[in-house]
Trainee: 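Supplied in structure tokens, the structure appears directly below.
Reminder, nothing fancy here: chain letters follow the sequence lines and each chain counts from 1.
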Number of protein chains: 2
Amino acid sequence: MRASAAPGDRMAYQGGMTGPRRERLVQIGQVAEQTGLSLRTIRFYEENGLVIPTTRSEGGFRLYSDSDVARLEVIKRMKPLGFSLEEMQELLTLLAELDSGSGDRERLRDRLRMFHEAATARVTALQEQLAVAEGFADTLAGHLDAQR
Amino acid sequence: MRASAAPGDRMAYQGGMTGPRRERLVQIGQVAEQTGLSLRTIRFYEENGLVIPTTRSEGGFRLYSDSDVARLEVIKRMKPLGFSLEEMQELLTLLAELDSGSGDRERLRDRLRMFHEAATARVTALQEQLAVAEGFADTLAGHLDAQR
DNA sequence: CCACTCAACCCTGACGTGAGGGACGAGTTC
DNA sequence: GAACTCGTCCCTCACGTCAGGGTTGAGTGG
């Protein structure tokens with residue numbers, strides 16, 4: 001943990017004269033802190049084309065915009081569904097296309113429906129896993145009691 | 001699917017004159033079928049010392065006794081708890097020691113308690129995952145509705 | 001009765017995969 | 001100059017997958 005407002009603290013990089021909007025840009029450490037993902041994970045997602053930082057500093061530091069961070073947070077919410085990175089990417093672009101109103105409506109909806117089906121299937125699987133897990137935990141508790 | 005009672009069918013190997021008990025021994029394929037684990041997984045568990053078949057045929061086929069299969073089924077119940085193979089092995093021997101009444105009572109109970117704690121922690125984590133997963137599935141459903 | 005064949009089953013060994021973790025030495029930013 | 005970040009590399013875990021060969025037991029032939 002870093003002490004709050006310690007001497008070494010850094011503010012979000014504001015992007016020199018390059019951008020006209022003076023958008024809020026943060027570097028990877030802050031993103032990690034906000035999202036709870038590790039640096040390694042965030043870089044890994046980039047490698048796989050999931051979230052590519054809007055820009056980089058002159059020295060090469062990754063700089064993330066708010067929407068980059070939002071994307072990461074969506075991914076985080078998807079994770080428990082057990083989708084692969086590839087699937088997540090597809091779903092992300094799919095949602096973006098729906099939002100922007102581009103692409104073949106019909107097909108988009110179809111693919112979205114498939115994702116939804118996969119998701120609910122996965123939810124069911126998780127429920128089953130949970131039941132088994134609870135069962136086993138109880139078994140352990142039983143063994144503990146038996147040994148009192 | 002294999003046709004039932006096809007010419008090529010084989011019965012469970014009974015172990016020639018070597019065993020006095022004529023114990024029921026099955027080979028890996030049947031075990032896989034019963035437990036729902038893959039052949040690879042079962043072999044992998046053996047590699048890691050989790051379940052070693054009671055014996056082998058002359059030609060080297062793995063032959064599993066009922067208790068071997070039972071062990072595999074216990075492992076299967078543990079899996080959703082996300083323990084590592086090493087931890088599962090420890091827990092298995094731990095339970096065996098408790099059953100057989102060997103070893104330091106005090107210490108055994110302590111370790112068992114730790115496993116139980118880990119298990120309940122894991123159950124909580126699973127519940128959270130499930131909640132997130134359900135939430136995301138709902139989000140998807142929402143997007144579907146919005147596109148009607 | 002023994003030899004042979006056949007399909008189904010099984011063996012070991014090696015490499016591949018997915019989703020990251022950890023360490024490194026060098027560079028950047030504040 | 002302290003804190004942060006970079007890219008590169010190798011490591012892990014729980015298997016999947018492929019290759020190439022051996023085993024088993026029932027059926028067939030002599």
Trainee: With nearest nucleotides of DNA chain D determined for G60(B) and E86(B) from heavy-atom distances, which residue corresponds to the more 5′ nucleotide?
Mentor: E86(B)

Trainee: Please list all pairs passing the ring pair (Phe, Tyr, Trp, His ring centres under 6.0 Å) test where one or both residues lie in residues 75-129 of chain B, with sequence neighbours left out.
Mentor: F83(B)-F115(B)

Trainee: Just the rounded figure in Å: distance from P of dC30(C) to CG of L25(A).
Mentor: 12 Å

Trainee: Using heavy atoms to find the nearest nucleotide of DNA chain D for L85(B) and G59(B) separately, return the residue whose nucleotide is more 5′.
Mentor: L85(B)

Trainee: Grab the CD1-C1' distance between I42(B) and dT12(C) for me, whole Å please.
Mentor: 17 Å

Trainee: Grab the CG-P distance between L63(B) and dC10(C) for me, whole Å please.
Mentor: 10 Å

Trainee: Using whole Å, report how far CG of N48(A) lies from P of dG18(C).
Mentor: 9 Å

Trainee: Shorter than 3.5 Å, N or O on both sides, protein versus nucleotides 8-12 of chain D: list them out with atom names.
Mentor:
none

Trainee: I want to verify a distance call: between dT29(C), dT24(D), dC15(D), whose nearest atom is closest to the E58(B) side chain?
Mentor: dT24(D)

Trainee: For Q89(A), which residues count as a side-chain contact (heavy atoms from CB on, under 4.5 Å) partner, sequence neighbours excluded?
Mentor: L50(A)

Trainee: Restricting to side-chain contact (heavy atoms from CB on, under 4.5 Å), what partner residues turn up for S67(B), sequence neighbours left out?
Mentor: S65(B)

Trainee: Can you tell me how far P of dT24(D) sits from CD1 of I28(B), to the nearest Å?
Mentor: 15 Å

Trainee: When you check the phosphate oxygens OP1 and OP2 of dT24(D), does a side-chain N or O of S57(B) lie under 4.0 Å from one of them?
Mentor: yes

Trainee: It should be established whether Y45(A) places a side-chain nitrogen or oxygen under 4.0 Å from OP1 or OP2 of nucleotide dA19(C).
Mentor: no

Trainee: Can you list every ring pair (Phe, Tyr, Trp, His ring centres under 6.0 Å) pair that touches residues 27-56 of chain A, not counting sequence neighbours?
Mentor: none

Trainee: Rounded to the nearest angstrom, tell me the gap between atom CG in L39(A) and atom P in dG21(C).
Mentor: 10 Å

Trainee: How many whole angstroms separate atom CZ of R62(A) from atom C1' of dC4(D)?
Mentor: 13 Å

Trainee: Taking the side chain of T41(A) as heavy atoms from C-beta outward, which of dT23(D), dG21(C), dT5(D) is closest to it?
Mentor: dG21(C)

Trainee: Using the rule that two of Ile, Leu, Val, Met, Phe, Trp, Tyr join whenever any of their side-chain heavy atoms come within less than 4.5 Å, decide whether L85(B) and V51(B) are in one cluster.
Mentor: yes

Trainee: Which whole-number value in Å describes the distance from K76(B) NZ to dC15(D) P?
Mentor: 12 Å

Trainee: For dG20(C), does OP1 or OP2 lie under 4.0 Å from any side-chain N or O of S38(A)?
Mentor: no

Trainee: According to a strict under-4.0 Å criterion, is K79(A) in side-chain N/O contact with OP1 or OP2 of dG20(C)?
Mentor: yes

Trainee: Any pair with a residue in residues 38-54 of chain B that passes salt bridge (Lys or Arg N to Asp or Glu O under 4.0 Å), sequence neighbours left out, goes on the list, sorted by first then second residue, please.
Mentor: R40(B)-E47(B), E46(B)-R56(B), E46(B)-R62(B)

Trainee: Output the single nucleotide from dG27(C), dC11(C), dA14(D) whose closest atom is nearest the side chain of F44(B).
Mentor: dA14(D)

Trainee: Are L81(A) and M114(A) linked, directly or through other ILVMFWY residues, by side chains that come within less than 4.5 angstrom of each other?
Mentor: no

